[in-house]
Amino acid sequence: MTGTIILPETRERSALYAALMPQLRALIQAEPDPVATMANVSAVLMEAFGWHWIGFYRVVGKELVLGPFQGPLACTRIPFGKGVCGMAWKEGRTLLVPDVNAFPGHIACSALSRSEIVVPIHGRLGEVVAVLDIDSADLNDFTEQDGHQLEVLCKLLEPLFA
Ligand code: SME
């Protein structure tokens with residue numbers, strides 16, 4: 001799929017999500033390859049929200065391995081249960097961390113990250129197959145709204161891993 005993403009001229013997140021979701025849905029449905037789609041999804045989220053780091057880690061054996069992302073250099077492997085990503089994998093649920101320095105075991109890939117959200121992507125049997133990880137340079141940047149919208153997005157990605 002080619003084309004551009006059309007965004008409203010606002011920083012208001014609910015308006016951005018409302019405009020983005022149908023476009024993300026179309027993009028995801030147009031390409032069955034998970035790596036290609038994760039790459040474009042990270043690019044679109046970066047264009048829309050400009051967070052510090054946006055990307056995916058895939059479950060490979062007993063570790064999460066870095067996948068497509070936008071932003072600075074990142075850790076390539078995260079063990080099960082470690083850091084925010086490994087914990088979201090272990091618990092199989094979205095983790096919203098308002099202050100990364102207050103999260104025991106947080107893995108600091110970048111000193112600029114202040115808050116973080118990690119949303120798991122589930123496979124056919126309910127197992128976690130990947131996570132979407134987003135870091136913000138602002139403290140307390142993520143709300144339940146982000147959690148909900150990003151969970152909807154990650155659900156759209158699930159068929160690519162089935
Ligand atoms: N902070 C994450 C590691 C990944 S980076 O943020 C890109 C964690 O604690 O799992």
Side-chain angles (χ1 to χ4, degrees), residues 5 7 11 13 16-17 20-21 23-24 27-28 31 33-123 125-158 160-161:
I5 294 290
L7 292 170
R11 294 182 59 108
R13 285 205 191 154
L16 286 168
Y17 282 120
L20 267 188
M21 280 317 207
Q23 299 181 76
L24 281 168
L27 193 124
I28 291 165
E31 174 52 63
D33 183 273
V35 173
T37 301
M38 289 188 284
N40 266 341
V41 168
S42 342
V44 168
L45 292 176
M46 186 57 92
E47 189 181 336
F49 298 104
W51 284 306
H52 178 64
W53 195 92
I54 300 168
F56 293 87
Y57 282 89
R58 293 164 306 126
V59 172
V60 181
K62 294 189 168 123
E63 291 176 315
L64 289 168
V65 179
L66 184 64
F69 71 95
Q70 296 269 314
L73 185 74
C75 325
T76 55
R77 289 173 186 267
I78 300 174
F80 182 70
K82 300 290 180 198
V84 186
C85 291
M87 193 58 81
W89 174 18
K90 185 175 177 182
E91 297 189 354
R93 65 182 179 97
T94 298
L95 291 183
L96 215 147
V97 179
D99 177 357
V100 293
N101 293 319
F103 186 94
H106 167 255
I107 300 165
C109 292
S110 159
L112 293 177
S113 292
R114 306 293 300 282
S115 58
E116 179 162 0
I117 187 167
V118 179
V119 181
I121 299 171
H122 297 273
L125 305 173
E127 79 284 18
V128 174
V129 290
V131 300
L132 167 62
D133 177 21
I134 303 181
D135 288 17
S136 171
D138 296 328
L139 261 186
N140 206 8
D141 196 18
F142 301 104
T143 65
E144 292 301 323
Q145 171 182 237
D146 297 297
H148 171 70
Q149 296 289 349
L150 296 170
E151 281 172 4
V152 171
L153 168 61
C154 284
K155 264 251 149 321
L156 294 173
L157 291 167
E158 285 181 3
L160 304 183
F161 293 90

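Nothing here was measured: the structure is a model prediction, and the numbers come from that model. In this chain, residues are counted from 1 in sequence order. We count ligands from 1, going down the list as the structure has it; atoms in each ligand are counted the same way.
Glu31 and Ala36 get closest at one heavy-atom pair: CG-CB, 3.9 Å. Heavy atoms only, all atoms of each residue included: Ser115 and Leu139 are closest at OG-C, 3.9 Å.
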So what's ligand 1 close to, N/O to N/O, under 3.5 Å?
from, atom 1, to, atom 2, distance (Å)
ligand 1, 1 (N), His106, NE2, 3.3
ligand 1, 1 (N), Ile107, O, 2.8
ligand 1, 1 (N), Glu116, OE1, 3.0
ligand 1, 1 (N), Glu116, OE2, 3.2
ligand 1, 6 (O), Asp133, OD2, 3.3
ligand 1, 6 (O), Asp135, OD1, 3.3
ligand 1, 6 (O), Asp135, OD2, 2.7
ligand 1, 9 (O), Val84, N, 2.9
ligand 1, 9 (O), Ile107, N, 2.9
ligand 1, 10 (O), Val84, N, 3.0
ligand 1, 10 (O), Cys85, N, 2.8

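Sequence neighbours left out, the pairs with a member in residues 57-74 that pass salt bridge (charged side-chain N to carboxylate O under 4.0 Å, His left out) are Glu63-Arg77.
In this structure, Phe142 and Trp51 have tilted ring planes: the angle between them lies in the 30° to 60° band.
Proximity of a side-chain donor or acceptor of Glu127 to a complementary backbone N or O of Leu125 within less than 3.5 Å is detected.
Remark: Asp146 engages Arg13 in a salt bridge, criterion side-chain N to carboxylate O under 4.0 Å.
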